[in-house]
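Every chain is numbered from 1 and lettered A, B, ... according to where its sequence line falls, protein lines coming before strand lines.
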There are 2 protein chains.
Amino acid sequence: MDKNLKRMATMQRMQVTGLELFYKNGYYNTSVDDILKELNLSKGAFYYHFDSKEDFLIEILDNLLARKVYSMLIEPIEGHDNPLHLITNCFENALETAVHNEMDCGFILNNLINEFRGKNEAITRRLNEILQIWEVNLVSAIQKGKFNGHIDRHVDAEGIALFLMSSYMGVRTLMAEDAPSARKYRFMAQLKQYFKSLEVKHSPLKA
Amino acid sequence: MDKNLKRMATMQRMQVTGLELFYKNGYYNTSVDDILKELNLSKGAFYYHFDSKEDFLIEILDNLLARKVYSMLIEPIEGHDNPLHLITNCFENALETAVHNEMDCGFILNNLINEFRGKNEAITRRLNEILQIWEVNLVSAIQKGKFNGHIDRHVDAEGIALFLMSSYMGVRTLMAEDAPSARKYRFMAQLKQYFKSLEVKHSPLKA
DNA sequence: ACTTCAACAAACCGCCCGGTCGGTTTAAGT
DNA sequence: ACTTAAACCGACCGGGCGGTTTGTTGAAGT
């Protein structure tokens, strides 16, 4: 179906620039016209493809944001290597991407969550679902590390996951404000320091 | 001057509810009318006391937010005790306050920074100033701890401060989303774990 | 008693946004 | 060549927002 192809292409274009502008300016401060102006399209085109601005956002969350989080933060930590190494590399790459992003506006999931909290239940739930998927995968990676002998058996996997998510979300906000490269470097150093305390304790007498 | 007293009282009331609503709904999604409706005041009263909505916000940042951050996050870590203990207690209290806050909407400084990034230079600068004051005080507390022998001399004070600010900002966002009490508990446990790795290394042979 | 002015009320203005709708173009099917 | 429907255009509407202006009140000063 050629028609269907064009339809999908146009919808995709709209969603991509929509996500960009929502990221840059927030949802409520981005008008539908702003998005359409960027694409040289009209309002008729928009409301032909989407029911409403909110429906548009939901499509973006499911089609683009969820996949983005998965490919950048979840998929890289899958595998059977030491999860602390996997997570370190994953964060390193994610932060490096942020550093090189000319217009870094922080962690978009964090921004959207803050914007919709207490204002739109449906959107908030969807955003939290993405967070939960991230959390679940972190926890299971850590537990796998405990089982495989990479991580101390006594640590709290849920606690570690929460600490990782918190610090990542926070540093992304701070990196967007000032000195992204320096802050990334400092953050990664402290993360490694924290991870060292989670490794299995080798007998000090044996060393 | 009785007049001046009343003037100050009205302005204070406006600022307090203004901060509340900006915290709950964000700045751009809170209309001046919303604030005035809450106080049964008119727009005339508002624009008699303040030049604009932006001027109003700046007054709030200087008069209320900066002091709030100082009293909750900076003043408690001043002193000559072990700064790791001081920071632990400070975070414990700050997070406990958030847990008991019926309408916790995360860390307001984080929310405002995300909302104004790339949109209002003057506001963003003021918000960053508050962050910097926090950072400077964290750094100096840690350095004092290094000097006093509470903290390992080889650690990077700026890195620790950044890591603390990041994780705090992040966990406040996550606590506002779900399971605040459990998340606070888990977070504090991991923070203590991290802090352990920063303590002065006692000779293992001596123990 | 009269003036003065801070303090507030309320109507109003211009702008912008989300959403609608009738009309036009494009292209596939026959 | 004609039909049909998808894809798109752009003027328009209702409502809400930030901000202004004009008018009213009430207490202090003389």
Spacing of B/Asn29 atom CG relative to D/dG15 atom P, expressed in whole Å: 20 Å

Measuring to OP1 and OP2 of D/dC8, would you say a side-chain N or O of A/Thr10 lies under 4.0 angstrom away? yes

What's the OH-C1' distance between A/Tyr28 and D/dC17, to the nearest Å? 16 Å

Does A/Lys68 NZ have over 12 foreign heavy atoms under 6.0 Å away? no

Does the plane of the ring in A/Phe56 sit parallel, tilted or perpendicular to the ring in A/Phe50? Use 30° and 60° as the thresholds. perpendicular

Using whole Å, what does the distance between atom P of nucleotide D/dC17 and atom CZ of B/Phe46 come to? 14 Å

Are the side chain of A/Arg117 and the backbone N or O of B/Cys105 linked by a donor-acceptor pair below 3.5 Å? yes

Atom OH of A/Tyr47 and atom P of C/dG22: how far apart are they, to the nearest Å? 17 Å

Would you mind reading off the distance between B/Tyr48 atom OH and D/dT24 atom P, rounded to a whole angstrom? 19 Å

Euclidean distance, atom CZ of residue A/Phe50 to atom C1' of D/dC8 [Å, nearest integer]: 14 Å

Is a side-chain donor-acceptor pair under 3.5 Å present for A/His150 with A/Asn148? no

Reckon A/Arg7 has a side-chain N or O less than 4.0 Å from the OP1 or OP2 of D/dA7? yes

Around atom OH of A/Tyr185, are there more than 12 heavy atoms of other residues, nucleotides or ligands at under 6.0 Å? no

Go nucleotide by nucleotide along DNA chain C from the 5' end; which of B/Met14 and A/Glu54 gets its closest nucleotide reached first? B/Met14

A/Leu57 CG - C/dC17 P separation (whole Å): 17 Å

Could I get a table of every N or O pair under 3.5 Å where one atom is in the protein and the other is in nucleotides 9-11 of chain D?
{"unit_1": "D/dC9", "atom_1": "OP2", "unit_2": "A/Ser42", "atom_2": "N", "d": "2.8"}
{"unit_1": "D/dC9", "atom_1": "OP2", "unit_2": "A/Ser42", "atom_2": "OG", "d": "3.1"}
{"unit_1": "D/dG10", "atom_1": "O6", "unit_2": "A/Gly44", "atom_2": "N", "d": "2.8"}

Residue met sooner reading DNA chain C from 5', once B/His49 and A/Thr30 are mapped to nucleotides: B/His49

Measure the distance from CE on A/Met8 to C1' on D/dA7 and round it to the nearest whole Å. 15 Å

For residues A/Asp34 and A/Ser31, is any side-chain donor paired with an opposing acceptor at under 3.5 Å? yes

Decide yes or no on salt bridge (Lys or Arg N to Asp or Glu O under 4.0 Å) for A/Lys24 and A/Glu38, but give the supporting numbers first. CA-CA 14 Å; A/Lys24 205 183 296 179; A/Glu38 198 97 346; 5.6 Å; no

